[in-house]
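I have placed the structure first, in the form of structure tokens, so that the comments after it can refer back to it.
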Amino acid sequence: MNNQSCIEIGNEWGIVSARQAGRELSKNIGFGSVDQARITTAISELARNIYLYTEIGQIELTSVVKDNDGREGIKVVARDKGPGIENLRDVMVDGFTTSGGLGAGLPGVKRLMDEFDIESMPGEGTTITTVKWLR
Amino acid sequence: MKSVVLQHLKDNKSLYIEEWRKSLEQHEFTKQGSTFSSKDMQQEMKDEFISVVFQSIELSSEENRDAVHRFANRLIYNGWAFSEFIRSLQALRRVVLHNVSANFTKEEFVDVSVEFEDWLDEQITRLAEEFSKIQNEVMTMQKTAMKELSAPLIPVFDKISVMPIVGTIDTKRAAQIMENLLEGIIEHRAQVVLIDITGVPVVDTMVAHHIIKASEAVRLVGAECLLVGIRPEIAQTIVNLGIDLDAFTTKSTLKKGIEAALELTNRTIETSEQMQSNGGLKR
Ligand SMILES: Nc1ncnc2c1ncn2[C@@H]1O[C@H](COP(=O)(O)OP(=O)(O)OP(=O)(O)O)[C@@H](O)[C@H]1O
Ligand SMILES: [Mg+2]
């Protein structure tokens, strides 16, 4: 089983391939259809943000195992060297958007996944790390 | 173009073809998506390729391009993997340089091999060029085909139309959908439009946003939008995303949506028995 992949997001097709890879991997790990949809949607949000707000970035997908109880899960990392995010608290508020979108992407991803961590340096780029565990 | 090496290749054509053919024996020509390709089919392809390459010596550059184009066309439409053909040309290099070193003096060899490398590079470039040209054509064709597929507005009853959306929605398709929707509403004098998203694999914030914008536009032209075909897992992700679809009438299936649409336009569907027990024609 191919349990790691990295997809470049340079255009809208990159978003589609990241989603497909995410669906494939989450299915292999054993996620049910609702969680597959959650994971795929989260990947779609992260990839689209890369496409919209940065030149280029990537989505890394890895199957992981939890330390304390051996549960399996999927780790989704979105990494870019874009403009970064000034105020991390702002972007996590529902409805905050600088592009006339719904502003539901990032807070939505946090709710779709089990773990969510965002690191960003203005001018350096953004790395968002999320994990979903099998129930 | 009376090059020494091309004359040499021409004069010894049958020898080179035989040796090249032999060296290609271990080469596996595969088809993309690994559809089975028999030894016979492979051999046929190899022989055709060999003859295209050797013909090029005698053809004008124009004619050669045509021949390579036709060949590349067949490669793509039959799904042959491209890389093996490049490797084959590299195999030809080994065969030729080996023989050339035996047939020419050391002094001649330098010039001849440079000449040969130039010729071979030209063959490789030409094949790659024609191949990617055709691949681009195929891609443009597929894009057009996708556009033709995309979201027609279908009148199903008087004043009621359905728009089934199938596949991934990108920015271009979203614009197309909006256009079809508004034009269709006016054309069919629709009062209720059912947007069916059963065939949309992922409903993320962008898709939701486009649907919301579309329904607002529909309202502006005096009609109403119903959203149908929301699969259970999609309903959950929409809730997780925190997207508010309260402004929408949503129905799980197209059937329920059509019933609701009929109600909105003051109609119902009755079986003939129901009609009789209701005392014949109503309304
Ligand atoms: N990778 C990134 N680099 C720089 N800025 C970003 C990045 N991701 C998000 N942002 C900023 O955070 C804001 C909020 O992002 P979020 O995904 O929550 O909403 P949105 O993209 O504006 O709209 P939606 O996702 O609902 O369509 C964005 O408008 C953008 O300004
Ligand atoms: Mg977003």
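Numbers restart at 1 for each chain; the letters A, B, ... are given by sequence-line order, proteins then strands.
Shown here is B:E84, whose CD atom has more than 12 heavy atoms of other residues, nucleotides or ligands within 6.0 Å. Atom CG of A:D67 is surrounded by 12 or fewer heavy atoms from other residues, nucleotides or ligands within 6.0 Å. Within a 6.0 Å radius of CZ in A:R71, more than 12 heavy atoms belonging to other residues, nucleotides or ligands are found. Other residues, nucleotides and ligands place more than 12 heavy atoms under 6.0 Å from the CD atom of B:Q90. Other residues, nucleotides and ligands contribute over 12 non-hydrogen atoms within 6.0 Å of the CD atom of B:E129. Residue B:K256 places its NZ atom among 12 or fewer non-hydrogen atoms of other residues, nucleotides or ligands, all under 6.0 Å distant. Taking a 6.0 Å sphere around NZ of B:K251, one finds it holds 12 or fewer heavy atoms contributed by other residues, nucleotides or ligands. Applying the 6.0 Å contact sphere to NZ of A:K81 captures no more than 12 heavy atoms from other residues, nucleotides or ligands.
With respect to chain B, the highest number of heavy-atom pairs below 4.5 Å among A:E45, A:R23, A:Q36 belongs to A:E45.
In this structure, chain A has no heavy atom under 4.5 Å from any part of B:V207.
Here B:K172 pairs with nothing under the salt bridge (Lys or Arg N to Asp or Glu O under 4.0 Å) rule; sequence neighbours left out.
A:R48 approaches B:I169 most closely through the heavy-atom pair NH2-O, 4.4 Å. Across every non-hydrogen atom of B:E233 and A:A37, the tightest pair is CG-CB, 3.8 Å.
Using a 4.5 Å heavy-atom cutoff, the side chains of A:E12 and B:T168 are not in contact.
The CD1 atom of A:I15 sits 9.0 Å away from the CG atom of B:D170 when rounded to the nearest 0.5 Å. Remark: B:I212 CD1 to A:L102 CG distance equals 5.0 Å, nearest 0.5 Å. Note that CG of A:L52 and CE of B:M206 are 9.0 Å apart. Values are rounded to the nearest 0.5 Å. A distance of 12.0 Å separates CG of B:D204 from CD1 of A:I43, quoted to the nearest 0.5 Å.
Residues of residues 110-122 of chain A lying within less than 4.5 angstrom of chain B, judged on heavy atoms, are A:R111, A:L112 in numerical order.
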